[in-house]
Enquirer: 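If you scroll down you'll find the structure; I have some questions about it.
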Amino acid sequence: MSLAVASSGRRRDAGPPLWLLLAAALPTLLIALPLAYVAARAWSAGLAVAVEEIFRARTAELLVNTVTLAVSVTVLSAVIGVATAWCVERSDLPGLRWWRVIAALPLAVPAFVASFAWASMGAAFQTMGGAILILALSHYPLVYLPVAAALRGMDPGFEDVSRSLGRGPWAAFFSATLPQAWPALGAGSLLVLTHMFAEFGALSLLRVQTFTTAIFDSYELEFDGATAALQSAVLLALALPAALGEMRLRRDMRFARSGKGGRRRAPPARLGRAKAPVLGAMAALAALSLGAPLAMLAYWLLVGRSIGHASHDLWPAVVGTLGLAVPGAIVVTALASPLAIAATRHRGMLSALAEKLPYVVHGLPGLVVALALVFFSIRFFPAAYQTAGLLFAAYAVLFLPLAQSALRASLELAPARLEEVARSLGRGPFGAFAAVTLPNVLPGVGGALALITLELARELTATLMLAPIGVSTLATEVWSQANDGRYAAAAPFAALLVAVSAIPVYVFTRRSLELNDLR
Amino acid sequence: MKNCDRRRFLLAGAGLVGVASARGISPLRAAENETLTLYNGQHAETTAAIVEAFTRETGVRVAIRRGNSAQLANQILEEGDASPADVFYSEEIAPVLTLAARGLLSTANPDTLKQIPPQFAAKDGAWIGVSARCRVVAYNTDMIKLEALPSTVMDFAKPEWRDKVGFVPTSGEFQAQTLTIVKMKGRDAAVAWLKGLKDNGRIYNGNVAAVQGVQRGEVPVALVNNYYWFRVAEEIGDDKMKCQLYYIGHKDPGALLTLSPAGILKSSKRQDIAQRFLGFLVSAAGQQALVDAVAEYPVRPGVTSPYALKPIDELDPPDITPEDIGDADLARALRREAGLA
């Protein structure tokens, strides 16, 4: 292990090459736009207003709500995600292949669809407790997938040693297995946490107020954006320690792995008498996270009278969704690549910061990001305003971290030493990367594309403001019909959105799990 | 096998991108001169009905950007003089009043203004009302009797209504109702009312959700606009409605009549077509298309709605002008004082 640190340390100390710095400058610049916008708007409010705003009882109330919700959902998602990942990867659960995919599928159901289903089942779910449960059910796959991949690729040696030294299975799991999965767990949890900071649609249905819902309210009530900007600044201040904490966790854990060579799969743990309860729990999880929202869609189709109301809009919405989400995902993934490469291959505060900044901005609501891009685009690039290009830039600001996480996971598995061998054989830096590293990280790229496509397909606020005029998507149609109370008319759009999303979820699940598969 | 899968996946992806760009999702060119750009905060179906009638009559195409009214107004403010919008049609009055106050709206043609009663347009003609709607009390007939409902909306802030009243503080019409109370009963009464509702009431984040809350029995009463009842009734069937409407009347703030307005952006380079569109909104054909699509009141005399609306001359709303209830800053200050924002 110490040998690994020594040899890799020398390599990483060489700073990033110029081409990489230049390539990383573009996404960093994009990320800086909403920060500059929030700073400028908050600044224009003046110090007195800022102090009054930040030290109001209302701010404290929102702070408590936001932190309670975000931390609880993150912890609950982590527990469900790790437990599910362990059952699927390390136990002899019957029907493993099915469960692997089923456990990831709730990712295909947009949180606002799930929330709508639960909210209409009763007032009890329209509370903080209900929101925590419902959002954890729809977000745990963000933890489950990376942790399952980590468990699968993990060297079982540590656990064997731990057991041979007399630890029980639980103690060995917590002292030997789980620490190896920390980076995956940390990255997944950070995504859930920042998702919660930015969540709006689901929370407004579940009647919980956080900073993000308050920011939307502020834009309903006032038209100078000062309060909203100050609330956004508080939200950024909340996301910052989370991102830095995860960075520290990752740095500490980076070298705490045994070598990659000669891995073997751990024999599955026997569930024995626990088999039936575990199966029951997995089935209950699927029923709650998938069954409930799908049953609600079916119910509205059966009961509602607006059924088929806007059926001629279905095809344009599918085309609009794919036409924005697929190229958008390619752009976002391309922009994320230099950041991920710089962070995995090179050391230094600059690349670490450039890599973490998107995670901080990920906590901002889409409305603030969209308005920031309106502001900058109309002043400096009027020709780009309300084109697909500008919308893709907004998508990048909103979703870079998702691509970064997926790319980083696979980059870390492609040893830089191979690239050095290629260079010693006469290839240039770019040639060596293209010949050696790129083929190894392609599965990760596929995973990133799938995950981003999924998120873009359901994005609403930025799409409404910045998409080329007249383009509709499944998400804008669901919003529009539900806004009119036509739930049966909205149901086919929502169902199609789930169906369209299930494809990238399936691809992403296969990709992220195969990444570490030995077979 | 695996490689084959991957290739097929990539091909499918490339195919989708191809389809998308062939359908013209690639960056759009500047709109042609005869296309009008409408920023629409009104319910999409309502606007679609009017626009269709307009295009049929004039041949002018209308490109519509949909969105929440307040968000669109914020977007127009950020866009400034470079705004692509020609006309802004808002669901609520406050966003349009804000744009008017900042001098961003052109005056409507006198011919257009003549079509509607003067109380349904801005005094200086910067915007016109397109439809009117009234505040109502939605109540669940299984949970409460009509006779048990108070004669003024002020009473819902009292402790005896604890956990029995739903309200939508983010709705523009709720804001207008609050400002009506300021105008009629003074600022302190309005703050007390908001505080009472905050302590006793149940906050919903949308009017449809509030009406459904009443329908499902989550709460016996909710303060909403009249047309939301018709939306929900249309969806689940009139005969299944446990939720009914109570019109307070007698010039109470609870009987407020409000407008859904439209205005032309000063920055628009298509003022002529924009004026034609505004004129069409209040023409007989435009108003008929509107009232056929939504259960709101026409602003033009002589147009009849197919919905079973309570006749507008029986509503007896308070004597309030749109300008009385347009002060967004005051509304915000009140809400902050009451701890609602």
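Naming: A, B, ... by sequence-line order, numbering from 1 per chain. Quantities reported herein were computed from a predicted structural model and do not represent experimental measurements. Side chains included, hydrogens not; waters and symmetry mates left out as well; all remaining heavy atoms used.
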Enquirer: Name the member of B/G80, B/A209, B/P95 that forms the most heavy-atom pairs with chain A at distances under 4.5 Å.
Expert: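 Most heavy-atom pairs under 4.5 Å with chain A: B/P95.
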Enquirer: Any luck finding a side-chain donor-acceptor pair between B/E79 and A/Y385 under 3.5 Å?
Expert: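 A donor-acceptor contact under 3.5 Å links the two side chains.
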Enquirer: Could you tell me which non-hydrogen atom of A/L203 sits nearest to which non-hydrogen atom of B/N205, and how far apart they are?
Expert: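 Closest approach of A/L203 to B/N205: O-ND2, 4.4 Å.
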Enquirer: Output yes when B/R336 and A/E53 qualify as a salt bridge under the 4.0 Å nitrogen-oxygen rule, no when they do not.
Expert: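 Yes, this pair counts.
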Enquirer: By a 4.5 Å heavy-atom criterion (distance strictly below it), what part of B/N68 contacts chain A: side chain, backbone, both, or neither?
Expert: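 Contact with chain A: backbone and side chain both.
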Enquirer: Between A/A119 and chain B, with a heavy-atom cut-off of 4.5 Å, which part of the residue counts as in contact: side chain, backbone, both or neither?
Expert: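 The backbone, not the side chain.
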Enquirer: Please rank B/V219, B/V294, B/L340 by heavy-atom pairs under 4.5 Å with chain A and give me the top one.
Expert: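 Of the options given, most contacts go to B/L340.
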Enquirer: When rounded to the nearest 0.5 angstrom, what distance separates CG in B/N74 from CE in A/M465?
Expert: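 Reported value, rounded in 0.5 Å steps: 6.5 Å.
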Enquirer: So how far is it from B/I236 CD1 to A/W300 CH2, rounded to the nearest 0.5 Å?
Expert: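 These two atoms lie 7.0 Å from each other.
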Enquirer: Return the minimal non-hydrogen interatomic distance between B/E235 and A/Y487, and the atom names on each side.
Expert: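 B/E235 and A/Y487 have their closest heavy atoms at OE2-N, 3.2 Å.
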Enquirer: Where on A/Y37 is there a heavy atom nearer than 4.5 Å to chain B: the side chain, the backbone, both, or neither?
Expert: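 A/Y37 touches chain B through side-chain heavy atoms alone.
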Enquirer: Below 4.5 Å, heavy-atom pairs only: which of B/E218, B/E78, B/R65 has the largest tally toward chain A?
Expert: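 When all of B/E218, B/E78, B/R65 are compared, B/R65 has the most.
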Enquirer: Which atoms of A/L367 come close to chain B, meaning under 4.5 Å heavy atom to heavy atom: side chain ones, backbone ones, both, or neither?
Expert: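 The side chain, not the backbone.
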Enquirer: Give the C-alpha distance, both sets of side-chain angles, the deciding distance and a yes or no for side chain to side chain contact (heavy atoms under 4.5 Å, CB included) between B/I64 and A/I469.
Expert: CA-CA 7 Å; B/I64 303 174; A/I469 197 161; 5.9 Å; no
Enquirer: Is it true that A/R58 and B/E337 make a salt bridge, defined as a side-chain N closer than 4.0 Å to a carboxylate O?
Expert: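 Here A/R58 does not pair with B/E337 in a salt bridge, since their nearest N and O are not under 4.0 Å apart.
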Enquirer: Contact part of B/T170 toward chain A, heavy-atom cut-off under 4.5 Å: side chain, backbone, both or neither?
Expert: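 Both backbone and side chain.
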Enquirer: In terms of heavy-atom proximity below 4.5 Å to chain A, should B/Y227 be classed as side chain, backbone, both, or neither?
Expert: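 Neither part, no heavy atoms under 4.5 Å.
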Enquirer: Please tell me whether B/Q71 and A/E220 have a donor and an acceptor in their side chains that are separated by less than 3.5 angstrom.
Expert: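 The answer is no; no qualifying pair exists.
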Enquirer: Counting heavy-atom pairs closer than 4.5 Å to chain B, which one of A/S377, A/A384, A/A467 comes out on top?
Expert: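 Result: the option with the highest number of such pairs is A/A467.
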Enquirer: Against chain B, label A/S472 side chain, backbone, both or neither, depending on which of its atoms sit under 4.5 Å from a heavy atom there.
Expert: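 Contact with chain B: backbone and side chain both.
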Enquirer: What residue in B/G67, B/A328, B/S69 has the most heavy-atom pairs under 4.5 Å with chain A?
Expert: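 Between B/G67, B/A328, B/S69, the count favours B/G67.
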Enquirer: Consider only side-chain N and O atoms of A/Y219 and B/Q75, and report whether a donor and an acceptor are under 3.5 Å apart.
Expert: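 Distance-only check fails for A/Y219 and B/Q75.
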Enquirer: For the CZ atom of B/R332 and the OG1 atom of A/T227, what is their distance to the nearest 0.5 Å?
Expert: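 Going from the CZ atom of B/R332 to the OG1 atom of A/T227 covers 3.5 Å.
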Enquirer: If you apply the rule side chain to side chain contact (heavy atoms under 4.5 Å, CB included), what do you find for B/R66 with A/T476, and how did you get there?
Expert: CA-CA 9 Å; B/R66 287 179 294 184; A/T476 64; 3.3 Å; yes
Enquirer: Quick check on A/A488 against chain B: is it the side chain, the backbone, both or neither that has a heavy atom closer than 4.5 Å?
Expert: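 Both parts, heavy atoms under 4.5 Å.
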Enquirer: Do you know which of B/P84, B/A44, B/A73, B/P169 has the most heavy-atom pairs with chain A at a distance under 4.5 angstrom?
Expert: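 Maximum pair count with chain A is reached by B/P84.
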Enquirer: A quick test of your reading: do over 12 heavy atoms of other residues, nucleotides or ligands sit less than 6.0 Å from OH of B/Y307?
Expert: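 Buried by this count: over 12 neighbours within 6.0 Å.
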